[in-house]
Novice: 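First, the structure itself, so that you have it in front of you.
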Amino acid sequence: MSTFLIFVIVIVIIVIFNFAKDSYNENDKLVKQGGMRVKYRTLIDNFIDPDSGLGVVKETNNYVCVGTQNAAGSIAFHFQHSINKITVTFEMKNLFIGNHKLDWTFPETMDQQQMIDRIESGTRQYMDNVSSTFK
């Protein structure tokens with residue numbers, strides 16, 4: 001039994017090591033490409049809107065949050081780069097219509113305008129469905 005346990009522990013350590021190595025390499029590659037704001041400039045800049053108050057709230061090597069908040073709630077778009085993909089999360093907290101969250105995952109090589117189109121279309125459709133419940 002102890003041999004099996006040692007075998008399992010070794011396998012787990014190897015998997016964790018390989019995941020950590022891949023994550024480091026991916027992060028290093030992203031930094032060499034200029035970081036999130038350079039690699040995904042079209043995508044991220046589309047959601048920055050000073051007129052509505054949407055701006056960069058937090059930024060790291062592989063994450064950018066664009067959002068705003070007021071007395072009624074907050075809206076945020078989270079852009080998270082991971083191995084060969086980018087995940088975009090729309091998060092809204094509102095006193096009147098509640099909390100809402102949508103996620104999209106795209107290959108990192110996908111055209112960013114297509115990403116924007118899918119996000120905007122999905123968000124619009126979702127919010128139309130939410131608002132129709134108040135009629």
Novice: State the CG-OG distance between Asn94 and Ser74, to the nearest 0.5 angstrom.
Specialist: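 Answer rounded to 0.5 Å: 9.0 Å.
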Novice: List the steps and the verdict of side chain to side chain contact (heavy atoms under 4.5 Å, CB included) for Leu102 and Trp104.
Specialist: CA-CA 7 Å; Leu102 300 169; Trp104 297 267; 3.6 Å; yes
Novice: Could you walk me through whether Phe90 and His100 pass ring-ring contact (aromatic ring centres under 6.0 Å, His included), step by step?
Specialist: CA-CA 8 Å; Phe90 166 75; His100 303 275; 8.4 Å; no
Novice: For the residue pair Arg41 and Val38, establish whether any side-chain heavy-atom pair is separated by less than 4.5 Å.
Specialist: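 They are in side-chain contact.
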Novice: How long is the gap from OG1 on Thr60 to NE2 on His81, to the nearest 0.5 Å?
Specialist: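 Those atoms lie 11.0 Å apart.
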Novice: Are Met110 and Met36 joined in one hydrophobic group, where the rule is that I, L, V, M, F, W and Y side chains link up if heavy atoms are under 4.5 Å apart?
Specialist: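 In one cluster with Met110: Met36, yes.
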Novice: Tell me, please, which residues at least two apart from Glu59 pass side chain to side chain donor-acceptor pair (under 3.5 Å).
Specialist: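 Listed in chain order: Arg37.
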Novice: Determine yes or no for a side-chain-to-main-chain donor-acceptor pair under 3.5 angstrom, with Ser121 supplying the side chain and Arg118 the backbone.
Specialist: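 Side chain of Ser121 to backbone of Arg118, a donor-acceptor pair under 3.5 Å: no, none is there.
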Novice: Under 4.5 Å between side-chain heavy atoms, counting indirect links through other Ile/Leu/Val/Met/Phe/Trp/Tyr residues: same cluster for Val57 and Met92 or not?
Specialist: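 Not linked; separate clusters.
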Novice: Once you round to the nearest 0.5 Å, how far does CG of Asn62 lie from CD1 of Ile86?
Specialist: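 Going from CG on Asn62 over to CD1 on Ile86, the span is 10.0 Å.
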Novice: For residues Ser131 and Asp128, report the shortest heavy-atom separation together with the two atoms involved.
Specialist: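 The answer is OG-O, 3.1 Å.
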Novice: Is it the case that one hydrophobic cluster holds both Tyr63 and Leu43, taking links as side-chain heavy atoms less than 4.5 Å apart, direct or via other members?
Specialist: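 Shared cluster, no.
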Novice: I need the Gln114 CD to Phe106 CZ distance, nearest 0.5 Å.
Specialist: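 Nearest 0.5 Å value for the CD-CZ distance: 9.5 Å.
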Novice: Are Ile48 and Phe79 connected, step by step, through hydrophobic side chains (Ile, Leu, Val, Met, Phe, Trp, Tyr) whose heavy atoms are closer than 4.5 Å?
Specialist: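 The answer is yes; both residues are in one hydrophobic cluster.
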Novice: What about Ile116 and Val56, same hydrophobic cluster or not, with Ile/Leu/Val/Met/Phe/Trp/Tyr joined at side-chain heavy-atom distances under 4.5 Å?
Specialist: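 They do share one cluster, since a chain of ILVMFWY contacts under 4.5 Å joins Ile116 to Val56.
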Novice: Set out, in order, the CA-CA distance, both residues' side-chain angles and the distance that settles side chain to side chain contact (heavy atoms under 4.5 Å, CB included) for Val64 and Val66, then state yes or no.
Specialist: CA-CA 7 Å; Val64 173; Val66 173; 4.1 Å; yes
Novice: Could you check whether Asn46 and Gln112, counting side-chain N and O atoms only, form a donor-acceptor pair closer than 3.5 Å?
Specialist: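 No pair is found: no donor N or O on one side chain lies under 3.5 Å from an acceptor on the other.
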Novice: Could you verify whether a donor N or O on one side chain and an acceptor N or O on the other, from Asn129 and Gln125, lie under 3.5 Å apart?
Specialist: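 No, no side-chain donor-acceptor pair sits under 3.5 Å.
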Novice: Here's a test for you: under side-chain hydrogen bond (donor to acceptor under 3.5 Å, both in side chains), which of Glu91, Lys58, Lys101 qualifies with His78?
Specialist: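 Of all the options given, the one that passes is Glu91.
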Novice: Roughly how far, to the nearest 0.5 Å, is CD of Gln113 from CE of Met115?
Specialist: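 One finds 11.0 Å between CE of Met115 and CD of Gln113.
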Novice: Going from CZ on Phe77 to CD1 on Ile119, what distance comes out if it is rounded to the nearest 0.5 angstrom?
Specialist: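 Here the rounded value is 7.5 Å.
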